[in-house]
Student: 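Have a look at this one before I ask anything.
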Amino acid sequence: MDIFADFAARVAAALKTLYPEASAELIARAVVEPPRDPGHGDLSSNAAMVVAKPLGKNPRDVAVALAEHFKSDPDVTSVEVAGPGFLNFRLDEPVWHRILKSVDTLGAEYGRSDLGRSEKVNVEYVSANPTGPMHVGHTRGAVFGDALASLLAYVGYDVTREYYINDAGGQVDVLAQSAFLRYREALGAVIDIPKGLYPGDYLKPVGAALAAEFGESLLSRHEAEWLPLVKERVLAAMMDLVRADLANLGVKHDVFFSERTLHGQGGDIDLTLQWLRDEGLIYQGTLERPKGISHDDEWEDREQTLFRAKDFGDDTDRALVKSDGSYTYFAADIAYHRNKYLRGFKHMINVLGADHSGYVKRLQAAVKAVSGGEADMDVKIMQLVRLLKNGEPFKMSKRSGDLVLLSDVVEEVGRDATRFMLLYRRNEQAMDFDFALVKEHTRDNPVFYVQYAHARTCSVFRTAESELPALNLNAEHLAAAPLELLVSPADIELIKVVAQWPRTVTAAALAHEPHRIAFYLYELAAAFHAFWAKGKDDRTLRFVNPEDLKLTLARLALVGAVRQVLVNGLTVLGVSAPQELS
RNA sequence: GGCCCCGUAGCUCAAUGGAUAGAGCAGCAGCCUUCUAAGCUGUUGGUUGCAGGUUCGAUUCCUGCCGGGGUCGCCA
């Protein structure tokens, strides 16, 4: 039950009754929100201000008419017209008790909705090159994509989590050559790794495995012969590393899509380019020299095969074929996204790193072109994460020796802290990831603050069981708790925070912004900790009160609801909810 | 030079176009014979980078500047 959506519907109905001439679009602009200032009541609507001008009315008059209309609503204790035409509602206490009751009834379902109407949405994230273990640079996008996918599933979308394996380009040839060196090393050769090849130790086991499988038989063969054999094996080994890293971080995928399957005669790229030709979207031409290339000698005017990306909102048309005749990465990507569209996805989301922000427009152009404008593509750009250690930022690169691995981070600070901290920022905000802070167990560190709140809810139940053995705390008895006893301002205040969960979920899902969930959980945790502390000064505000078993039961129902919402939120984020902190 | 992101309290950051812009940290003043002080309460702190525009109303949308970061024909 979302009280805000509920009242938005009531306001819309009232507008329709009072002003039959108002269009549906106009009415849809009216919203119901929690006012920032609690002095303005429980709910606030801008309906009168939004509707007044198009209807040629005075906003205050409209507001007064609406207020009059709501006077007969039994859930409303007062409606006020304030400021330029705000409508401020105060709700009757039973409304809050009803909400609390619904949390208990719905449990894990409280907050879920049918917003997505089971529509298919494809969320692509990570898609790191399979050339080694994942490094920290991939972590943010991995966690973000995973949480966003969970969030969308939570609100009723049919979500497919996808990883695009870039296993077709020149990089994987280099990878295979690097593995071949390790193969020779495993057979006793003294090797020297030339610049440009991958130097990482993680290829040693691949070399050993190749030696075990092939003996010395590859040594005498030409590269053209061994390359495909080595490539296939090293790719499989690298994807095993990637999968292990993802599993370690709790990041899941439904589909691992290989770029290589798009290539080849009669493959998806051929088919897609032919389709684009038939549509008149491909031509032979030359591009202007980009301003970034300053020296004439770096630029060669060349006629090439171009996609009319500009017709679909891109800044320029884009090359599809390299000078050696092979396809560009973008050509494969167009085919890949046509493939997604043909698999039935009309909603696509790509999670990319900041270094790919220049790629967004052409990707959206491609999706628009291959879907005939039927599919939409939202690209979520992850801004940089600066890794700090002792206040010193340090660089990481897969080719350099001293790379910081994703697995290092998880091992150092733990999965939960890694995930929560990365989700506690808007994706478009560059962030610092400070090892020291993430390991702190203070309010500075939101993940511990939120998990501690959950542990405390569990602690309350443990205390109740040990101190009040006579009190029956099974689910049935709790569900029948006399919630009407929860009338103190502290009780109502906490319930109001709980009541915002469904609205938070909806807003986060619509905006594709999982960080809103993390911030909400922090707020809920703060509200709970605050209530807890009140029991110190005022014993009647304790959750467990031996002098009043009925009130205790009602309070425990409230604590149970808080715990449930914390669990629901943490589950969406993929963060655990420990029963106690050790 | 083009494109993208950012600019909000001393610091790190919030705020689907709403009212007097909010949290945490740091600072200051308090609370432990306690349902776990890993916590709580109070308080100081602002020309939301600048200038225009749209709007009943702008931190939010549009335009132009300033500053920081990222990126820039066939790498993936």
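By convention in this document, chain letters (A, B, ...) are assigned in the order of the sequence lines, proteins followed by strands, and residues within each chain are numbered from 1.
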Student: Can you tell me the pairing partner of rA15(B) across any strand shown, Watson-Crick or G-U wobble, with both distances under 3.5 angstrom?
Tutor: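 Paired with rA15(B), as far as the under-3.5 Å criterion goes, is no nucleotide at all.
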
Student: Does any N or O in the side chain of D317(A) come within less than 3.5 Å of the main-chain N or O of K310(A), such that one atom is a donor and the other an acceptor?
Tutor: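 Judged by distance alone, yes, a pair lies under 3.5 Å.
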
Student: Quick one: which of rC6(B), rC35(B), rG73(B) gets closest to the side chain of E428(A)?
Tutor: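 Shortest atom-to-atom distance from the side chain points to rC6(B).
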
Student: Please tell me which of the listed nucleotides, rG18(B), rA14(B), rU16(B), lies nearest to the side chain of F519(A)?
Tutor: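 Shortest atom-to-atom distance from the side chain points to rA14(B).
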
Student: Examine rU16(B): is either OP1 or OP2 under 4.0 Å from a nitrogen or oxygen in the side chain of R516(A)? Give yes or no.
Tutor: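 Checking R516(A) against rU16(B): at least one side-chain N or O falls below 4.0 Å of OP1 or OP2.
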
Student: Rounding to an integer number of angstrom, what distance separates rU60(B) and rG49(B) when you compare their C1' atoms?
Tutor: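 It works out to 16 Å between them.
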
Student: So, does K534(A) get its side chain near the phosphate of rG39(B), meaning an N or O under 4.0 Å from OP1 or OP2?
Tutor: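 Answer no for this pair, as no side-chain N or O of K534(A) is under 4.0 Å from OP1 or OP2.
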
Student: Does a side-chain N or O of R36(A) approach OP1 or OP2 of rG22(B) to a distance below 4.0 Å, or not?
Tutor: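 No, because none of the side-chain N or O atoms of R36(A) sits under 4.0 Å from OP1 or OP2 of rG22(B).
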
Student: Any donor-acceptor pair, under 3.5 Å, between the side chain of S44(A) and the base of rA19(B), if you only look at N and O atoms?
Tutor: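 Answer is yes: a donor-acceptor pair is held.
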
Student: Can you check whether H135(A)'s main-chain N or O pairs, donor with acceptor, with H138(A)'s side chain at less than 3.5 Å?
Tutor: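 Yes.
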
Student: Under 4.0 Å from OP1 or OP2 of rA15(B): is there any side-chain N or O of H515(A) that close?
Tutor: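 Yes, because at least one side-chain N or O of H515(A) sits under 4.0 Å from OP1 or OP2 of rA15(B).
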
Student: Is a donor on one side and an acceptor on the other found under 3.5 Å between the side chain of D416(A) and the backbone of S576(A)?
Tutor: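 Answer holds: yes.
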
Student: Whether the side chain of R456(A) and the base of rC35(B) hold a donor-acceptor pair under 3.5 Å is what I'd like checked.
Tutor: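 Flag unset: no donor-acceptor pair detected.
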
Student: Determine which nucleotide pairs with rU33(B), using a 3.5 Å limit on both distances of a Watson-Crick or G-U wobble pair.
Tutor: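 Partner of rU33(B): none found under 3.5 Å.
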
Student: Quick check: closest heavy atoms across A82(A) and R60(A), and the distance to 0.1 Å?
Tutor: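 Distance-wise, the nearest heavy atoms are C-NH1, 4.0 Å.
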
Student: Between Y452(A) and rC40(B), is there a side-chain N or O to OP1/OP2 distance below 4.0 Å?
Tutor: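 No, Y452(A) has no side-chain N/O under 4.0 Å of OP1/OP2 on rC40(B).
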
Student: Of the options rC40(B), rA19(B), rA76(B), whose atoms approach the side-chain atoms of P35(A) most closely?
Tutor: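 When the side chain of P35(A) is considered, rA19(B) is the closest of rC40(B), rA19(B), rA76(B).
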
Student: Under a 3.5 Å cut-off for both distances, is rG27(B) Watson-Crick or wobble paired, and to whom?
Tutor: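 The base-pairing partner of rG27(B), which may sit in any strand shown, is rU43(B).
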
Student: Can any side-chain N or O of K380(A) pair as donor or acceptor with the backbone N or O of H512(A) at less than 3.5 Å?
Tutor: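 Yes: the side chain of K380(A) pairs with the backbone of H512(A).
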
Student: Can you tell me how far apart CD (E124(A)) and CG (L352(A)) are? Round to the nearest 0.5 Å.
Tutor: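 The CD atom of E124(A) sits 7.0 Å away from the CG atom of L352(A).
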
Student: Among the nucleotides rC6(B), rU36(B), rG18(B), which one has an atom lying closest to any side-chain atom of V50(A)?
Tutor: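 Nearest listed nucleotide: rG18(B).
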
Student: Does a side-chain N or O of R29(A) approach OP1 or OP2 of rU16(B) to a distance below 4.0 Å, or not?
Tutor: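 Indeed not, no polar side-chain atom of R29(A) lies that close.
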
Student: For V172(A), report the nucleic acid contact type (base, sugar-phosphate, nothing); a contact means any heavy atom under 4.0 Å.
Tutor: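 Touches nothing.
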
Student: rA14(B), OP1 or OP2 - any side-chain N/O from Q429(A) closer than 4.0 Å?
Tutor: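 It does, given that an N or O in the side chain of Q429(A) lies less than 4.0 Å from OP1 or OP2 of rA14(B).
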
Student: Can you find a donor-acceptor N/O pair under 3.5 angstrom joining the side chain of N88(A) to the base of rA19(B)?
Tutor: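 Under the 3.5 Å cut-off, the side chain and the base do form a donor-acceptor pair.
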
Student: Please confirm whether the shortest side-chain N or O distance from S357(A) to OP1 or OP2 of rC3(B) is below 4.0 Å.
Tutor: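 No, no such contact exists.
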
Student: Considering Watson-Crick and G-U wobble pairs with both distances under 3.5 Å, what does rC3(B) pair with?
Tutor: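 Paired with rC3(B), as far as the under-3.5 Å criterion goes, is rG70(B).
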
Student: Would one find a side-chain N or O of W532(A) under 4.0 angstrom from OP1 or OP2 of rU36(B)?
Tutor: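 No, because none of the side-chain N or O atoms of W532(A) sits under 4.0 Å from OP1 or OP2 of rU36(B).
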
Student: Side-chain N or O of S459(A) versus OP1/OP2 of rU36(B): is the shortest distance under 4.0 Å?
Tutor: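 So the side-chain polar atoms of S459(A) do come within 4.0 Å of the phosphate oxygens OP1 or OP2 of rU36(B), strictly under.
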
